[in-house]
Visitor: 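One structure follows; several queries about it will come next.
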Amino acid sequence: MKIPRSNGPSLPRSRAGTAIIEFALGSGVLFAMFAGTFEFGYTFLQYNRLQSAVAQGARFASLIPYDSPTIAPSTAFLAGVHNMTLYGSPTAGTSPVVRGITPGNVSLTVTFTNGVPSAMTVSISGYIIDSVFRKTTLSNKPRVTYPYQGIWTPS
């Protein structure tokens, strides 16, 4: 017994070009996913480096002698905190912890309680994390506060 053929549309006999089309569509989606993952990972890495640097700077500021009688730190104290935050050393270094950060991005806030220093807060402001597709501007983040445990030596 012979099965009659219909005169409707027939399926293509060759599937030679479908693999390249599937690859093109799939690779576009995969590229977008990988690019987004890289973007997020890079931004997170930079922020984590900044967080560690700010914590190191705030800890340093909370332990060294504070030589100013007001909330405005002396130039030497501020330079030491900036250097510790930027380079990981109280003296100036050659390569900062993250590319493009300057002393102008590091803020130090001294808190006085009952006329004596009680806390040191270090934060980053105005730094731009330049990822592949997007720029992220940090405003007062990351921020770390340590209670002041050093010796107050106002001059």
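The first residue of the sequence shown is numbered 1, and numbering continues consecutively from there. Computed from a predicted structure; not experimentally measured.
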Visitor: Report the distance from atom OG of S139 to atom OH of Y127, rounding to the nearest 0.5 Å.
Guide: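 The OH atom of Y127 is 15.0 Å from OG of S139, to the nearest 0.5 Å.
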Visitor: In terms of hydrophobic clusters joined by side-chain contacts under 4.5 Å, are L63 and F77 together?
Guide: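 Unlinked, L63 and F77 end up in two clusters.
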Visitor: Could you identify which residues cluster with M33, counting Ile, Leu, Val, Met, Phe, Trp and Tyr as linked when any side-chain heavy atoms lie under 4.5 Å apart, either directly or through a chain of such contacts?
Guide: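 Via sub-4.5 Å side-chain contacts, M33 links to V29, L30, F34.
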Visitor: Among residues at least two apart in sequence or on other chains, which ones pass side-chain hydrogen bond (donor to acceptor under 3.5 Å, both in side chains) with N48?
Guide: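 Not a single residue meets the side-chain hydrogen bond (donor to acceptor under 3.5 Å, both in side chains) criterion with N48.
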Visitor: Side-chain contact, heavy-atom cut-off 4.5 Å: M120 with V110?
Guide: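 With C-beta onward as the side chain, the pair touches.
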Visitor: Are Y66 and V116 connected into the same hydrophobic cluster when the rule is that any two of I, L, V, M, F, W, Y join if their side-chain heavy atoms are below 4.5 Å apart?
Guide: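 In one cluster with V116: Y66, yes.
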Visitor: Does any pair with a residue in residues 104-125 pass ring-ring contact (aromatic ring centres under 6.0 Å, His included), and if so which ones, sequence neighbours excluded?
Guide: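 Passing the test, one end in residues 104-125: F112-W152.
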Visitor: Taking the side chain as everything from C-beta on, heavy atoms only, tell me whether L108 gets closer than 4.5 Å to T121.
Guide: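 No, too far: nothing below the 4.5 Å cut-off.
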Visitor: In Å and rounded to the nearest 0.5 Å, what is the CZ to CZ distance from R49 to R99?
Guide: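 Rounded to the nearest 0.5 Å, the CZ-CZ separation comes to 10.5 Å.
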Visitor: My understanding is that only residues two or more places apart in sequence, or in another chain, count here; which of them pass ring pair (Phe, Tyr, Trp, His ring centres under 6.0 Å) with F60?
Guide: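 Counting only residues at least two positions away or on another chain, F60 forms no ring pair (Phe, Tyr, Trp, His ring centres under 6.0 Å).
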Visitor: Got L86 and I101 here, is their nearest side-chain heavy-atom distance under 4.5 Å?
Guide: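 Yes, at least one pair of side-chain atoms sits under 4.5 Å.
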Visitor: Enumerate the residue pairs fulfilling side chain to side chain donor-acceptor pair (under 3.5 Å) with a member in residues 104-114, sequence neighbours excluded, ordered by first and then second residue.
Guide: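 For residues 104-114: T102-N105, T113-S118.
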Visitor: Are F40 and L138 grouped together when hydrophobic residues (ILVMFWY) are joined by side-chain heavy atoms under 4.5 angstrom apart?
Guide: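 Different clusters.
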Visitor: Mind listing the closest non-hydrogen atom pair of E39 and R134 along with its distance?
Guide: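 Distance-wise, the nearest heavy atoms are OE2-N, 3.2 Å.
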Visitor: Of all the heavy-atom pairs spanning G57 and T85, show the shortest one and how long it is.
Guide: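 Minimum heavy-atom separation between G57 and T85: CA-OG1, 3.3 Å.
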Visitor: Under a 4.5 Å side-chain heavy-atom rule over Ile, Leu, Val, Met, Phe, Trp and Tyr, are I124 and I128 clustered together?
Guide: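 No, no single cluster joins them.
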Visitor: Do I71 and V144 share a hydrophobic cluster (ILVMFWY, side-chain heavy atoms under 4.5 Å, transitive)?
Guide: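 I71 and V144: one cluster.
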Visitor: Return yes if some donor-acceptor pair links the side-chain N/O of Y148 with the main-chain N/O of I151 below 3.5 Å, else return no.
Guide: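 Yes, Y148 side chain to I151 backbone: donor-acceptor pair under 3.5 Å.
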Visitor: List the atom of P90, the atom of N83, and the distance in Å for their closest heavy-atom pair.
Guide: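 Between these two residues, the closest heavy atoms are O-ND2, 3.2 Å.
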Visitor: So, does Q46 use its side chain to make a donor-acceptor pair with the main chain of V98 at under 3.5 Å?
Guide: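 Not a single qualifying donor-acceptor pair exists.
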Visitor: Give me the atom names and distance for the closest heavy-atom approach of S62 to P147.
Guide: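 Scanning both residues completely, I find the closest heavy atoms to be CB-O, 3.4 Å.
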Visitor: Has S131 got a side-chain atom pairing as donor or acceptor with F133's backbone, closer than 3.5 angstrom?
Guide: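 No, because the side chain of S131 does not come within donor-acceptor range (under 3.5 Å) of the backbone of F133.
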Visitor: Taking transitive links into account, so neighbours of neighbours count too, which hydrophobic residues share a cluster with L45 at under 4.5 Å side-chain distance?
Guide: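 Via sub-4.5 Å side-chain contacts, L45 links to none.
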Visitor: OG1/T136 to CG/D130 distance, rounded to the nearest 0.5 angstrom?
Guide: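 Atom-to-atom, T136:OG1 and D130:CG are 9.0 Å apart.
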Visitor: Backbone N or O of N140 within a donor-acceptor pair of the S125 side chain at under 3.5 Å?
Guide: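 Such a contact is found between S125 side chain and N140 backbone.
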Visitor: Under 3.5 Å, is there a donor on one side chain and an acceptor on the other for S74 and D67?
Guide: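 A pair is found: one side chain offers a donor N or O, the other an acceptor, under 3.5 Å apart.
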